[in-house]
Number of protein chains: 2
Amino acid sequence: MNASQHGDDGRSYHHGDLRKTLLETCCAHIASQGTEGLSLRALAREAGVSPTAPYRHFDSRHALLAALATEGFEELAASMRAVALDDPLQAFFDCALSYIRYAASHPVKYHLMFGDVIGDFSGHEELTAAAWDCYARLEQVLQVGLDSGDLRPDNLEELCGTVWALVHGMAGLTISAQAKATAKPIEDIMQVPPLRAQQAVASAPEGAVLRLMEGLVADPSRLKGIRQ
Amino acid sequence: MNASQHGDDGRSYHHGDLRKTLLETCCAHIASQGTEGLSLRALAREAGVSPTAPYRHFDSRHALLAALATEGFEELAASMRAVALDDPLQAFFDCALSYIRYAASHPVKYHLMFGDVIGDFSGHEELTAAAWDCYARLEQVLQVGLDSGDLRPDNLEELCGTVWALVHGMAGLTISAQAKATAKPIEDIMQVPPLRAQQAVASAPEGAVLRLMEGLVADPSRLKGIRQ
DNA sequence: TGCCACATGTGAGCGATGCATACATAGCGG
DNA sequence: CCGCTATGTATGCATCGCTCACATGTGGCA
């Protein structure tokens with residue numbers, strides 16, 4: 001096993017980018033076997049390195065998950081920063097949609113971000129900072145809506161809370177259905193009540209968001225003109 | 001260690017109600033150290049029995065968690081069944097509140113019920129049945145509201161989806177804040193964005209629920225008369 | 001009352017895991 | 001060419017989930 005040649009099989013003694021590989025493989029493993037069954041040794045095996053190599057990049061199993069969550073917050077913040085603020089109501093709507101869409105397309109990371117696997121954020125500065133960034137963007141969009149009068153002139157923090165709860169809830173149910181939908185036939189999905197409830201939401205998420213938003217905007221009739 | 005006498009220390013050779021003890025101890029352990037760190041051996045140690053004794057009551061670690069979730073669905077269904085259906089709108093409101101309150105007072109079970117720890121319900125008949133029972137009650141309450149005209153005359157399933165999403169989201173954020181609030185001083189809590197967003201919701205959950213519900217009921221002005 | 005089947009708890013043990021420690025190797029700047 | 005540092009290796013320990021064979025109460029039935 002002489003690994004002194006660099007180009008033979010793509011990896012020499014040094015893996016190349018073990019950190020990135022671990023993050024990706026980790027995501028795939030969680031998707032297929034859940035957070036519980038995740039093992040650093042298995043990840044190392046799959047990457048073709050020794051069982052303890054991952055500890056050069058992550059202090060612990062927990063730290064690896066935290067890094068994944070951090071990545072998630074950064075991606076979510078970026079997607080929320082991408083919406084234009086020209087029309088405050090449209091921005092509000094786009095923000096909510098991009099949140100739900102991110103959750104739907106990155107269910108594993110989303111669960112790490114908002115679930116209870118990483119119980120305590122303290123001690124993970126990068127994670128905390130990334131999460132704050134998301135919240136700041138939401139707050140900014142809502143503030144613009146309040147300033148323009150498009151959103152109800154209520155307390156900003158309370159508005160943030162209700163909006164987050166609404167979007168977070170829809171995202172959660174959307175994820176649930178997706179997760180099981182890929183693994184099982186539809187008949188089996190309908191055996192799980194939360195998923196049945198979600199079916200309606202997932203099939204027309206924009207419509208559902210619109211309906212719930214009507215209670216939050218100053219002129220609900222304007223919503224009809226947004227996104228069909 | 002002669003355990004032939006029954007009344008000496010409360011446990012003889014047979015524990016008494018090991019199953020119940022395990023369920024309770026398990027809940028406490030998850031609350032303090034999360035689902036990840038949970039160990040059947042530790043639970044057995046704490047109950048004063050041999051490391052393999054728990055396997056007489058639960059097929060696996062997973063089965064223990066599923067049993068806990070089942071208990072949760074049964075309790076939640078009971079609390080939702082306790083609300084009167086006389087006034088459909090009031091029933092709708094009470095149902096939502098009792099859902100959020102259950103989540104807030106039993107965060108561990110709630111997470112097991114709706115999180116991704118128990119990935120697949122199939123194979124857990126009791127769990128599936130209990131979950132269905134909850135959904136059936138929600139559906140019933142909404143149907144009454146539709147029949148009376150108090151809720152918007154929309155598709156029942158879609159209504160279930162949006163309501164569930166709304167309530168589920170608020171419950172989730174309420175839990176998050178609570179969980180960390182007990183463990184850390186308030187200044188630290190505010191370091192975690194989702195929790196900050198939640199503060200507004202938690203401080204006046206009924207008001208927040210009311211506001212979001214306005215988009216779902218036929219005559220929003222009637223809501224003002226419900227619960228102060 | 002006496003006895004036996006069965007539910008419940010015990011004990012040893014296997015393979016795997018997280019993680020700490022000490023060591024080896026590769027690549028890069030001086 | 002030397003040596004420093006980042007990265008991966010080797011070894012080892014305590015613990016865990018789970019299996020299997022065995023021990024011990026308990027309640028039902030004659």
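All values below were derived from every heavy atom in this structure, side-chain atoms included, with hydrogens, water molecules and symmetry-related copies excluded. Throughout, protein chains are lettered first and strands after them, A, B, ... in sequence-line order, and every chain is numbered starting at 1.
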Undergrad: How would you label the contact of A:L43 with the nucleic acid (heavy atoms, under 4.0 Å): base, sugar-phosphate, or nothing?
TA: nothing
Undergrad: With sugar-phosphate meaning primed atoms plus P, OP1 and OP2, does B:L38 contact a base, only sugar-phosphate, or nothing at under 4.0 Å between heavy atoms?
TA: sugar-phosphate
Undergrad: Would you indicate whether the side-chain heavy atoms of A:K109 and A:F73 approach each other to under 4.5 Å?
TA: no
Undergrad: Side chains of A:T35 and B:V117, heavy atoms from C-beta outward: is any pair under 4.5 Å?
TA: no
Undergrad: To the nearest Å, how far apart are A:R19 CZ and D:dA6 C1'?
TA: 14 Å
Undergrad: Please report the distance, rounded to the nearest Å, between NE2 in B:H57 and C1' in C:dC6.
TA: 14 Å
Undergrad: Roughly how many Å is it from CG in B:D59 to P in C:dT8, rounded to a whole number?
TA: 13 Å
Undergrad: Pick base, sugar-phosphate or nothing for A:S50, based on heavy-atom distances below 4.0 Å to the nucleic acid.
TA: base
Undergrad: Could you state the CG-P distance from A:L64 to C:dC19, rounded to the nearest angstrom?
TA: 10 Å
Undergrad: Any N or O donor-acceptor pair under 3.5 Å from the base of D:dA10 to the side chain of A:T52?
TA: yes
Undergrad: Distance check needed: D:dA10 P versus A:R56 CZ, whole Å only.
TA: 13 Å
Undergrad: Does atom CG (A:D59) have a neighbourhood of more than 12 heavy atoms from anything else shown, all under 6.0 Å?
TA: no
Undergrad: Write down the distance between CD (B:E46) and C1' (C:dG9), rounded to a whole number of angstrom.
TA: 18 Å
Undergrad: Counting any heavy atom closer than 4.0 Å, what does A:R45 reach on the DNA or RNA strands: base, sugar-phosphate only, or nothing?
TA: sugar-phosphate
Undergrad: Using heavy-atom distances to pick each residue's nearest nucleotide on DNA chain C, tell me which of B:D17 and B:R41 is more 5'.
TA: B:D17
Undergrad: Report the distance from atom OH of B:Y55 to atom C1' of D:dC22, rounded to the nearest whole Å.
TA: 19 Å
Undergrad: What's the CG-P distance between B:L40 and C:dG9, to the nearest Å?
TA: 14 Å
Undergrad: Looking at A:P51 and A:A44, what are the two nearest heavy atoms and their distance?
TA: CA-CB, 3.9 Å
Undergrad: Taking only the side-chain heavy atoms of B:V49 (C-beta and beyond), determine which of D:dC16, C:dT10, D:dT9 contains the nearest atom.
TA: C:dT10
Undergrad: Please assess B:L38 against B:Q33 for the test side-chain contact (heavy atoms from CB on, under 4.5 Å), listing each intermediate value before the final yes or no.
TA: CA-CA 7 Å; B:L38 179 71; B:Q33 293 149 35; over 6 Å; no
